[in-house]
K.L.:
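This is the structure I want to talk about, given as structure tokens.
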Amino acid sequence: MTEEKCPQLVDYFVVAGLAPGGSAPLDEEGQQRGCRVVEPVTDLAVIARGLGEEVPEGFTCIEKTQGGHPAELSAGLINNPHMYLCYRRGHDKPPILDLGVLYEGKEVVKQGWYVIETTPYSRSASLSSGGPATHRTFLTYRRAPESQALHTLGVTDISLLLPSKGEVAPHTFCRVEKNLNTGIWGPALYLCYKRAVAKANALVYEAGLISRYPEADVESFPLPESVPMFCLPMGVTVESWPLNTKYQLPVFSTFVLTSACGDKVYGAAIQFYEAFPRECLSERQSVRLGLVSVVDRRPITNRTLQVKKSVCVLSHWPFFTVFQKFLTFVYRYSISGPHVLPLEKHISSFMHNVPFPSPQRPRILVQLSPYDNLLLCQPVSSPLLLSGASFVKLLQNLGPENACVLLLAVLTEHKLLLHSLRPDVLTSVSEALVSMTFPLRWHCPYIPLCPLRLADVLCAPMPFIVGVHSSYFDLYDPPTDVVCVDLDTNTIFQAEDKKPLSWRSLPRKQGKMLVNTLTNLMKTLEKIYTTGQEEATLEFLLTDYDLIYGRQKQLELEIQEAFLRFMSCLLRGYRAYLLPITQAPSDRTTDCSSLFNLQGFLKSRERTHQKFYTQLTRTQMFTQFIEECSFVSDRHACLEFFDECVQKSDVEKPEEVRLIDLDEAHSGEHTVFIMPPEEPQEPDGSECPTHYSYETFPVLCMDLFDRPQDQLRVPTKGSAPSSPAPRRTKQEIKLAQKRAQIYSAVPDMWSKCLLGHCYGLWFIYLPTFVRAESAKVRALQTAYEVLKHMETRKMVLPDEVCYRILMQLCGQYGQPVLAVRVLLEMKKAGITPNTITYAYYNKAVLESKWPSTNQGGRLRWAKLRNVLMAVAQFRQPIKQRQKSGSVGTRTGLDIFTCYLFFTICNHKYISLRYTIIVCFPFLCSQCRPPGPRDTVSRKAVDENYNNVSPPSRGSLAGKLQQLLTPTRHRLSGRRAASVGARRSGGENGPVRRVSEQRPSRKAQVAESLLKAKERLYTATSEVRGQHSSLSVGSDVDLPDTTNLAFPLRKSWDTNQEGAGLEVLMSSCSLCRSCNSLVYDEEIMAGWTSDDSNLNSSCPFCSTTFVPLLNAEICDLGPGSSVGGSPQVTVAYLSPLVLRKELESLLENEGEAVLAQGQLLDSHSIIFWNMVWYFHRLGLPSNLLQLVRSSPLANQLAQVTPLPGFSWGLTSENSAVRVRLLWDTLTPDTDHWPPLYILWRMHNHPFTLALFWLYDCTIVIDSTLCLSRSLYREMLFLTLAAMGRDHVAAFDKKYKAAYQRLSGSLGREELRRKRAQPPSPKAVDCRRSFLLPLEC
């Protein structure tokens, strides 16, 4: 079987910038406003005007606050020197990055910070009085390093605030939370500043597509036309720089595209600058950029012209770190050189050869070049959807309380505008915002990184989550009804006329628990978090990756788990208020008010938070959530996982419960290496010359790309299954495994667990069975009766697949009323349907045609039928009371007899097997009650005994070989004899009853027991002296089995004359370690809860082995042949293992494979195990029809028939019968034959007793190697002679006698002799499966 192709990691590679045909400018009038130059602040000064100091040259003094009040820094001092703050702008120095306030003596100056200790006139710049009782206060600042380039983040504006006057920090300003006024009186004064990117003169154009790969759209995912705008959200800028400008590093950004159906595509891009020719500019544009003198139009040569460009990759998976490294490598490759290989070779190698990490490839190391590599690791396996969210960045940039405030804003669907100077942070935080409300899903506009051309969405009259670059506010003011979140300063701005959002508006208990958890995680984050290395060596990737990033990954999950726990507690018990559809649908059936009991849900919540819950239930997110829970959707697995989280959180301390259990089964250290493209060589073996070098990033040439050798699979979106199929979610499978692991340790529950999985197998097969049946409704009714039978037996089901599949079939075949009955049966069993089952139920009753409410005569006939059935039920007890006088009582086994039984068995010269034959008729006479059944059985025994031919003087070994060897001639002869007996019986009349001329059977048994006892001791004494004189040939020998009219095994159904084939099946397996036969219930008891383990354990030696399932196909036609019957031996699978294999088969090959003949050949293990379990439980199936057309049946047709008969399965004899046997199909001739077969052959205790005594003289001193245990010999003999009704009584008496005997011999000795009874686990397995096997 070939390995499934992995999906490719990258779908498209895009180059964006100025389109070759020219790009339109962004708002020509707005260019002048948008291109105004705002120089950064490079110097600060404090002056004391009261002491005669003036503002230094080039500085600007801040004289007023935001509200127009005096901005004196020393207003609270007694001797007020009237101190003011001044600043200077420019590009001659690195800009100032941050401002601060230092309380001398209380804190230490941070590294890299400068203190303004004096004024420009060398006086003290302390803002406090400086007395002995006070600490001096100074202003501080931090400057950018000298290596910073032109476009550097710096302070562009400074302001002072008086909160007592109602002044607040302007939008995008960062406030320093330290009071500048340390005096005795005067209002509090605070410093705030704005950081931005200092831009040069620029022209802004709309971004266009330069080139792409591949050129043709992928069928499942066409390239969106808006991709260039997202690569360059603020447009393409053409800028003029001074000649001494330092090199600009690329800027990494990410974005998310959402389709109409909700699919997400992740983009990663880097923006960089490259040289732009002056010839492409007009004179007016050159003047605006400062490249031409305004007066004489003379070119200015000390400036360069640069243009912004971007390269981008699109993928269905958010591997942003990997994409950043790859794009950086591509950019560096384009600016270096020359190279042997073109750039296109590396792009195509990455796109075609790097797959998505899978369980088979958990780690992929990509070698981009001899010096560049990157590592892809399989994402954390959890039921939550994979997204580009970074909860660590969310907590870092917002803090615990502000993160909870945004959670409240998202839950109540506010308008959120995120902005930052770091584009990649915008996407990570925005994805975290929409992920932390799981299972609620944001359905309103969502643009994590919004281009400038799409900024009109901020005026939309609906909720939205939009992220923009902070430079947007240099051009526009935000709308007043929008909540603005500055990720760079950790501030939230809200409209003044509205009540500000607070996390305390959340439910008190859940909100406090969330804040406390996030606070603790924030402390941990500050201790351990370190930024990743930009360059990683190969040794680092392979050795230290898990050590460095493992804790960060764990912290990410803990933060996500905190929000998940909050939502689980918030929506606890919501499923109890879902309203199923139980009537014919109407126009309002699908409304949220008809699907959910909203008032009941609100009444169950706390009264103090009714306002919050009312707002929550009115949102579009909550309405869509109820619809997804009520109908079929593609989020079933996620919703089911959330339901499990709700159950886990329903405890006193939910914060201590782990909700996200990582699936470590698919994790591994296996690493796949992907090498870079090979460099070509000259014919003489030398290196090729370097031809490829680039001045700017090139336009991609399609001829230089390598075509894929082994095309990776393009990822497609999975849809909800429309046909009934056993699609269990990972969560259901995991939960079933946990239950099986618990039940395997409880003997009473293990058998019920296996039985539940067996019924699950049949319901998985049910769609195939119904499809093959002509009466579909009758087949569905049969399945419903099976469900009721399961409820009667109090079965333990591992999941809800049985109910779910039947509900799906009801919808498929138009039976909504039956679907309602199935739901009621499910609730009667105490099972609350999960999201998946509930959705398929509503789908079935909503899309099916309901029957008319006016039934007319049909309803009257149904009433009449019910009345007649009720009358019959009332008459039944009367009949039973009349017959109660004729029913005899059944006596149990005599305890003394059992004790005598084991005492004789322990004799030195006598084996257990011989004593059983002598004493068993007496036990039968005490156990069997008198009645018609006993008379019939006695007649049958007498008749069969009289049909036995006289014993011949043959070899004992030869007779055993003839009896036990399963040759075709022997089987055919047996059938021919039985057929001949039936024909002679039909022609000559019934066989004469010899038993009528003899004394009563009871008197014979009593006399036989006394005579047998005398002969037993006589024969034993003779054995001691005549052991050497006896030969194998004797008068006491086996009869000739070729002339037997009584078969060794009863026919499956002698009344059915239409059977053409008979399938004999047995699960009895031999343990190779101790050479013991292990039977069905013992195999079941030895299975484990692991659905991948085929082994069972031997009850005698505790060795693990793989049990086998044997099947033999025989022909029941009138012909007889010379060849052998075809036999099949497959592994006997546990229902847990079989279900896993069956689900995997249907997932890979579809449901149609269960109705095709190739199932028996290609998947024989699954086929024969299904046949075994279905017939074991009496469940209908069409699997046997596949046997008739299989090669096994054709082998019978190729066998040479006996003279006078012809082969061929006609329509009259085309049925296939199945007989499930407890014992082996063909007992081994090296061991002793089973006693129940000898019982059926001889039917007389005296003959058998003499035979076994004679045999005992031969092997008296040898060690017998018996495959069957003593318990099995006696059990099968009881079953053959007395029937299944006496098995339970036999078990009880045998166990009691074993307990008494173990006191004298010891359990170890009895275990060595294999005399112990089966374990309680095995007995319970036999009891649960209702003992349908025969001997």
Side-chain angles (χ1 to χ4, degrees), residues 254-259 262-267 315-321 379-400 402-414 416 418 424-449 463-467 485 487 506 510 514 517-518 521 525 552-571 616 619-622 624-625 628 633-635 637-642 644-646 649 659-660 662:
T254 57
F255 57 90
V256 180
L257 303 178
T258 307
S259 64
D263 295 338
K264 286 185 178 181
V265 177
Y266 298 93
S315 173
H316 283 77
W317 293 281
F319 287 90
F320 292 142
T321 304
V380 177
S381 179
S382 71
L384 299 175
L385 295 178
L386 183 63
S387 68
S390 175
F391 289 91
V392 170
K393 290 184 178 180
L394 172 73
L395 196 57
Q396 280 180 326
N397 291 277
L398 292 175
N402 281 345
C404 294
V405 170
L406 290 188
L407 173 63
L408 174 64
V410 175
L411 288 175
T412 54
E413 290 187 349
H414 279 68
L416 290 180
L418 310 179
D424 57 324
V425 175
L426 279 175
T427 302
S428 300
V429 174
S430 299
E431 283 283 279
L433 284 180
V434 297
S435 299
M436 66 184 180
T437 59
F438 175 85
L440 305 183
R441 185 165 56 172
W442 186 267
H443 292 275
C444 300
Y446 172 65
I447 310 176
L449 182 59
F464 56 77
I465 297 178
V466 175
V485 182
L487 299 179
L506 295 171
Q510 296 89 334
L514 177 61
T517 304
L518 294 181
L521 293 175
L525 183 63
Q552 294 181 10
K553 184 189 301 182
Q554 180 66 27
L555 193 61
E556 180 83 15
L557 291 176
E558 290 179 2
I559 299 174
Q560 187 178 15
E561 191 177 50
F563 288 105
L564 178 60
R565 186 180 295 109
F566 171 81
M567 294 300 299
S568 301
C569 298
L570 189 69
L571 300 177
L616 175 65
T619 60
Q620 186 177 352
M621 290 192 304
F622 188 83
Q624 189 68 22
F625 169 68
E628 290 175 347
S633 69
D634 56 350
R635 302 183 67 217
C638 300
L639 296 178
E640 185 199 4
F641 166 71
F642 178 74
E644 183 183 357
C645 294
V646 171
S649 302
L659 300 181
I660 304 178
L662 299 184

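In what follows, residues are counted from 1 in the order of the sequence shown. In this text, all values refer to a predicted model and were calculated from it rather than measured experimentally.
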K.L.:
Under 4.5 Å between any side-chain heavy atoms of H414 and P463, yes or no?
P.N.:
no

K.L.:
Compare all side-chain heavy atoms of L408 with those of L406 and state whether any distance is below 4.5 angstrom.
P.N.:
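L408 does not reach L406 side chain to side chain.
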
K.L.:
Could you report the tightest heavy-atom contact between L506 and C404, atom names first, then the distance?
P.N.:
CD1-O, 4.1 Å

K.L.:
Where is the tightest heavy-atom contact between A562 and T517, given as atom of each residue plus distance?
P.N.:
CB-CG2, 3.8 Å

K.L.:
Heavy atoms only: give me the nearest V265-S315 pair and the separation to one decimal.
P.N.:
CG1-O, 3.5 Å

K.L.:
Got a second to check how far Q560's CD is from F391's CZ, nearest 0.5 Å?
P.N.:
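Separation between the atoms: 4.5 Å.
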
K.L.:
Measure the spacing between OG of S430 and CG of L394 and express it to the nearest 0.5 Å.
P.N.:
10.0 Å

K.L.:
Where does the angle between the aromatic ring planes of Y266 and F320 fall among parallel (under 30°), tilted (30 to 60°) and perpendicular (over 60°)?
P.N.:
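Ring orientation, 0 to 90° scale: perpendicular.
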
K.L.:
I'd like to check L571 versus F625 (side-chain heavy atoms, cut-off strictly below 4.5 Å). Are they in contact?
P.N.:
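SC-SC contact between L571 and F625 confirmed.
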
K.L.:
Is the shortest heavy-atom distance from the side chain of L386 to the side chain of W317 under 4.5 Å?
P.N.:
yes

K.L.:
Does the side chain of Y446 come within less than 4.5 Å of C444's, by heavy atoms?
P.N.:
no

K.L.:
Does E431 use its side chain to pair, donor to acceptor, with the backbone of S387 at less than 3.5 Å?
P.N.:
no

K.L.:
Check for a donor-acceptor pair, side chain of T427 on one end and backbone N or O of T254 on the other, with a separation under 3.5 Å.
P.N.:
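Yes, the answer is positive, given that a donor and an acceptor are paired below the 3.5 Å cut-off.
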
K.L.:
Side-chain contact, heavy-atom cut-off 4.5 Å: L411 with T619?
P.N.:
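Heavy-atom side-chain distance check fails, nothing below 4.5 Å.
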
K.L.:
Kindly give the heavy-atom pair with the smallest separation between W442 and V410, and that separation in Å.
P.N.:
CZ3-O, 3.7 Å

K.L.:
Please name the pair of heavy atoms, one in F438 and one in L564, separated by the smallest distance, quoted to 0.1 Å.
P.N.:
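Reported closest heavy-atom pair: CD2-CD1, 3.6 Å.
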
K.L.:
Are L433 and L418 side-chain neighbours, meaning at least one heavy-atom pair lies under 4.5 Å?
P.N.:
yes

K.L.:
Side chains of S390 and V429: closer than 4.5 Å at any heavy-atom pair?
P.N.:
no

K.L.:
Taking the side chain from E413 and the backbone from Q620, do they hold a donor-acceptor pair closer than 3.5 Å?
P.N.:
yes

